[in-house]
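Working notes for the structure below.
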Amino acid sequence: MENQDFLEKGYFYHIYNRGNNREDLFLENDNYFYFLNLVNKYLLPIAEIYSYCLLKNHFHILLKVRDDSDVPEEKLHLPFSNLFNAYAKSINKKYNRDGSLFKERYKRKRITDEQYLLNTIVYIHLNPIKHGFSEIFDDYPYSSFSSVISDKQTKLKREEVLELFNGKQNFIKTHFLKKNQDLSIDLD
């Protein structure tokens with residue numbers, strides 16, 4: 001649960017950030033998809049994605065840094081930098097803005113406990129409700145929840161996530177049970 005100043009291979013991390021001065025990061029639907037494409041481009045070579053949620057003014061990604069990544073540990077931060085810089089440059093150009101899009105450096109929390117891992121996955125998926133962006137979480141279009149329960153092809157670690165929850169039905173049930181509870185962690 002500790003905040004790490006560096007990333008290490010083989011560990012889970014909760015990665016998150018918000019817009020500078022609480023500005024919106026995603027201004028239209030295409031922005032969400034572009035960001036996810038950049039995640040695929042920059043992060044999939046070094047990490048496996050377990051869950052994500054993109055909200056208008058912030059995002060959450062749960063990933064595990066690959067043990068077999070060719071990138072040395074001291075340079076694991078570079079794909080994240082490249083992702084955020086590419087996205088910010090695109091938004092600045094498209095919307096004729098300048099300056100920092102993201103608040104400072106992105107936050108990362110190492111997850112070493114399985115219960116904390118499960119809680120983080122649920123927390124990420126329930127984020128649209130927590131922040132009032134939606135009254136539902138299970139059909140929110142910019143979250144990995146639907147992809148996890150779908151049979152469609154995905155780059156997410158679907159099977160691993162479902163295994164953590166002892167199957168699809170328990171995954172769904174856990175989310176609906178936690179929906180009306182205060183999660184024991186506040187990650188924002």
Side-chain angles (χ1 to χ4, degrees), residues 1-112 116-117 120-121 123-125 127-128 131 133 140-144 147 154-158 160-161 185-188:
M1 278 180 23
E2 57 194 88
N3 211 351
Q4 295 292 328
D5 287 334
F6 57 91
L7 297 163
E8 288 185 81
K9 295 179 181 181
Y11 285 97
F12 284 95
Y13 291 90
H14 177 203
I15 307 290
Y16 56 103
N17 204 350
R18 67 176 61 253
N20 193 28
N21 297 317
R22 298 192 180 266
E23 280 183 66
D24 289 343
L25 296 173
F26 307 103
L27 305 170
E28 56 185 276
N29 287 344
D30 288 348
N31 300 154
Y32 295 95
F33 298 113
Y34 182 65
F35 185 85
L36 290 174
N37 284 332
L38 291 175
V39 166
N40 290 339
K41 177 179 179 180
Y42 291 109
L43 299 188
L44 283 183
I46 64 142
E48 300 167 330
I49 309 295
Y50 280 69
S51 66
Y52 68 84
C53 188
L54 310 180
L55 297 156
K56 200 172 181 92
N57 64 358
H58 70 284
F59 70 86
H60 297 270
I61 301 171
L62 177 67
L63 55 77
K64 183 178 183 185
V65 179
R66 294 178 179 276
D67 283 321
D68 62 353
S69 170
D70 292 336
V71 177
E73 282 189 339
E74 64 273 9
K75 296 192 184 236
L76 284 173
H77 67 283
L78 292 177
F80 294 90
S81 265
N82 293 338
L83 160 66
F84 303 134
N85 286 334
Y87 185 74
K89 284 180 184 177
S90 171
I91 293 299
N92 283 350
K93 182 176 180 180
K94 183 172 183 174
Y95 299 101
N96 198 28
R97 69 176 299 281
D98 57 8
S100 178
L101 178 65
F102 293 98
K103 180 182 176 184
E104 304 163 7
R105 290 180 55 193
Y106 67 95
K107 304 266 194 301
R108 57 195 160 262
K109 290 187 180 180
R110 182 183 290 185
I111 299 171
T112 56
Y116 187 54
L117 177 63
T120 303
I121 291 169
Y123 173 86
I124 287 171
H125 289 147
N127 231 252
H131 294 287
F133 289 106
Y140 183 74
Y142 312 113
S143 158
S144 57
S147 295
T154 183
K155 294 178 181 174
L156 288 171
K157 299 307 278 181
R158 174 191 292 139
E160 290 80 350
V161 170
I185 53 174
D186 186 15
L187 304 171
D188 285 336

How long is the gap from [atom1] on [X] to [atom2] on [Y], to the nearest 0.5 Å?
{"X": "Y142", "Y": "L36", "atom1": "OH", "atom2": "CG", "value": "10.0 Å"}
{"X": "E73", "Y": "Y11", "atom1": "CD", "atom2": "OH", "value": "9.0 Å"}
{"X": "E104", "Y": "N20", "atom1": "CD", "atom2": "CG", "value": "8.0 Å"}
{"X": "K64", "Y": "I111", "atom1": "NZ", "atom2": "CD1", "value": "12.0 Å"}
{"X": "L62", "Y": "T120", "atom1": "CG", "atom2": "OG1", "value": "6.5 Å"}
{"X": "E160", "Y": "I49", "atom1": "CD", "atom2": "CD1", "value": "12.5 Å"}

Out of Y52, Y16, Y13, Y50, which one pairs with H60 under the ring pair (Phe, Tyr, Trp, His ring centres under 6.0 Å) rule?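 Single pass found, and it is Y16.
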
Please identify which of these residues, L43, L83, N82, meets the side-chain contact (heavy atoms from CB on, under 4.5 Å) condition with L38.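 Per the side-chain contact (heavy atoms from CB on, under 4.5 Å) rule, the option paired with L38 is L83, out of L43, L83, N82.
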
For the residue pair F12 and Y116, establish whether any side-chain heavy-atom pair is separated by less than 4.5 Å.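 Of all side-chain heavy-atom pairs linking Y116 with F12, none is under 4.5 Å.
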
F35 side chain reached by F84 side chain, heavy atoms, under 4.5 Å: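 F84 vs F35: side chains touch.
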
Where P128 and L55 come nearest, the two heavy atoms and their spacing: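 Scanning both residues completely, I find the closest heavy atoms to be CA-CD2, 3.7 Å.
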
Might you point out which heavy atoms bring S144 and S51 nearest each other, and give the distance in Å?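 Heavy-atom minimum between the residues: OG-CA, 3.1 Å.
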
Hey, does the side chain of [X] reach the backbone of [Y] with a donor-acceptor pair shorter than 3.5 angstrom?
{"X": "D98", "Y": "N92", "value": "no"}
{"X": "K9", "Y": "V71", "value": "yes"}
{"X": "R105", "Y": "N17", "value": "no"}

Assess whether atom CG of D70 is packed by more than 12 heavy atoms of other residues, nucleotides or ligands within 6.0 Å.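 For D70, atom CG is not crowded (no more than 12 foreign heavy atoms under 6.0 Å).
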
Does atom NZ of K75 have more than 12 heavy-atom neighbours from other groups under 6.0 Å away?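 No, NZ of K75 has 12 or fewer neighbouring heavy atoms, counting only those of other groups under 6.0 Å.
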
Between H131 and N57, is there a side-chain donor-acceptor contact under 3.5 Å, judged purely by atom types and distance?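 No, H131 and N57 have no side-chain donor paired with an acceptor closer than 3.5 Å.
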
Partners meeting side chain to side chain contact (heavy atoms under 4.5 Å, CB included) with Y95 (sequence neighbours left out):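 Y95: side chain to side chain contact (heavy atoms under 4.5 Å, CB included) contacts with L27, E28, N31, I91.
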
Check for me whether the distance between the ring centres of F59 and Y32 falls short of 6.0 Å.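 Not under 6.0 Å, so no.
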
